[in-house]
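Below you'll find the structure, written out as structure tokens, and then a few comments.
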Amino acid sequence: GQQVMQIPQYQHVQEGEDFTTYCNSSTTLSNIQWYKQRPGGHPVFLIQLVKSGEVKKQKRLTFQFGEAKKNSSLHITATQTTDVGTYFCAVTSGTYKYIFGTGTRLKVLA
Amino acid sequence: DTEVTQTPKHLVMGMTNKKSLKCEQHMGHRAMYWYKQKAKKPPELMFVYSYEKLSINESVPSRFSPECPNSSLLNLHLHALQPEDSALYLCASSPVAGPYNQPQHFGDGTRLSIL
């Protein structure tokens, strides 16, 4: 079946450092979504990318969809303690069927 | 505040008990989902309802029985669960899919423990 791997699995950064997580699919994607889950919380939708090579920014967060639509990245500039959580990419495998990536857990040291 | 409400927040039950998880949304979404999430793992899709009809069942054991009484409510009936079913159960909703699947809105989840 379709696999969606994220790297790294864990990342510890000092506050103010940058952070990047990568999402890789074994198949070509129609679109990709990113979610953030705070410790003890639920996934919260961040963004959706649909076009090859698309880049979207939300304040300190930059999202990119690969040219071949098989991978994506999320980059956070100058991390803050509020960025702590697990970041998941999610891909669709048919109508209403979502597959979440393995996730990257981010810890920010003050 | 979440726009998808799940009750109860915590549930402890024995393997012979019958219980139900409830989920409610008032965003007018016509697609609703149940996910299971184990600690330090991604959410795993269990069931999807679209327009109150079951459209996806990811080969979930029959001890889990979903129900969608109307467009705002989603239930998950539990019976004869196993200890390995202990997990966080998340409900989500989304607008109907167009060219692409739409973003999902998640509830806070029910943390289920099976004794």
Side-chain angles (χ1 to χ4, degrees), chain A residues 1-11 21 23-25 28-52 54 56 58 63 65 69 72 85-107, chain B residues 1-6 9-10 23 25 27 29-60 68 74 87-111:
Chain A
Q2 187 173 13
Q3 294 186 344
V4 185
M5 301 300 294
Q6 283 184 250
I7 53 171
Q9 190 175 2
Y10 302 98
Q11 183 91 55
T21 173
C23 176
N24 298 295
S25 169
T28 302
L29 305 169
S30 60
N31 62 310
I32 193 163
Q33 298 174 353
W34 284 92
Y35 292 80
K36 175 184 178 181
Q37 186 171 21
R38 294 180 187 271
H42 59 272
V44 174
F45 172 76
L46 295 176
I47 209 155
Q48 175 162 275
L49 305 171
V50 302
K51 296 178 184 175
S52 168
E54 187 172 14
K56 285 189 176 181
Q58 287 179 350
F63 303 84
F65 203 4
K69 299 183 78 173
S72 180
T86 301
Y87 292 85
F88 292 103
C89 60
V91 305
T92 56
S93 177
T95 304
Y96 299 122
K97 185 170 179 177
Y98 298 75
I99 299 174
F100 278 74
T102 48
T104 295
R105 184 174 303 170
L106 173 64
K107 285 194 175 180
Chain B
D1 288 337
T2 184
E3 296 167 307
V4 177
T5 304
Q6 288 188 244
K9 292 195 183 304
H10 302 273
C23 175
Q25 58 90 14
M27 293 179 283
H29 291 169
R30 302 306 294 272
M32 296 187 76
Y33 311 77
W34 280 115
Y35 284 87
K36 174 183 179 181
Q37 187 176 28
K38 301 283 269 185
K40 300 182 182 180
K41 296 292 185 184
E44 293 179 13
L45 186 63
M46 299 174 71
F47 302 103
V48 181
Y49 276 83
S50 64
Y51 293 99
E52 296 89 69
K53 286 185 168 47
L54 183 65
S55 58
I56 296 177
N57 176 343
E58 289 288 271
S59 303
V60 179
C68 190
L74 187 66
L88 179 68
Y89 288 84
L90 292 161
C91 173
S93 70
S94 77
V96 295
Y100 306 102
N101 281 345
Q102 296 298 309
Q104 297 172 93
H105 297 248
F106 284 84
D108 289 335
T110 294
R111 200 161 295 278

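In what follows, chains are A, B, ... by sequence order, proteins preceding strands, each numbered from 1. Computed from heavy atoms alone, side chains included, the values below leave out hydrogens, waters and symmetry copies.
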For chain B, the option from [options] that forms the most heavy-atom pairs under 4.5 Å:
options                     : result
A:G103, A:P43, A:S30        : A:P43
A:I99, A:I47, A:T102, A:V50 : A:V50
A:Q33, A:Q48, A:Q9          : A:Q33

Step by step, work out the side chain to side chain donor-acceptor pair (under 3.5 Å) result for A:Q11 and A:Y87. CA-CA 11 Å; A:Q11 183 91 55; A:Y87 292 85; over 6 Å; no
Check whether any side-chain N or O of B:E3 sits under 3.5 Å from a backbone N or O of B:H105 as a donor-acceptor pair, and report yes or no.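 No; judged by distance alone, with no hydrogens or angles, the pair does not exist.
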To the nearest 0.5 angstrom, please state how far the NE2 atom of B:H29 sits from the OG atom of B:S94.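 Spacing of NE2 (B:H29) from OG (B:S94) equals 7.0 Å.
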Measuring from A:E54:CD to A:K56:NZ, what's the distance to the nearest 0.5 Å?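 The NZ atom of A:K56 is 4.5 Å from CD of A:E54, to the nearest 0.5 Å.
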So which part of B:K41 gets closer than 4.5 Å to some heavy atom of chain A, the side chain, the backbone, both or neither?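 For B:K41, the contact with chain A is made by the backbone alone.
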Non-hydrogen atoms of chain A under 4.5 Å away: do they reach the side chain of B:E44, the backbone, both or neither?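 For B:E44, there is no contact with chain A at all, as no heavy atom is under 4.5 Å.
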[X] [atom1]: over 12 foreign heavy atoms closer than 6.0 Å:
X      : atom1 : value
B:R111 : CZ    : no
B:K38  : NZ    : yes
A:M5   : CE    : no
B:E58  : CD    : yes

Do the ring planes of A:F100 and B:F106 sit parallel (below 30°), tilted (30 to 60°) or perpendicular (above 60°)?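 If you compare the ring of A:F100 with that of B:F106, the planes turn out perpendicular.
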Quick one: which residues of residues 88-98 of chain A reach chain B at under 4.5 angstrom, heavy atoms only?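 Result: A:F88, A:T92, A:G94, A:T95, A:Y96, A:K97, A:Y98.
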As an exercise: rank B:A31, B:A92, B:P43, B:S55 by heavy-atom pairs under 4.5 Å with chain A and give me the winner.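 Maximum pair count with chain A is reached by B:P43.
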Is it the backbone or the side chain of A:Q37 that comes under 4.5 Å from a heavy atom of chain B, or both, or neither?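 Answer is side chain: those atoms of A:Q37 sit under 4.5 Å from chain B.
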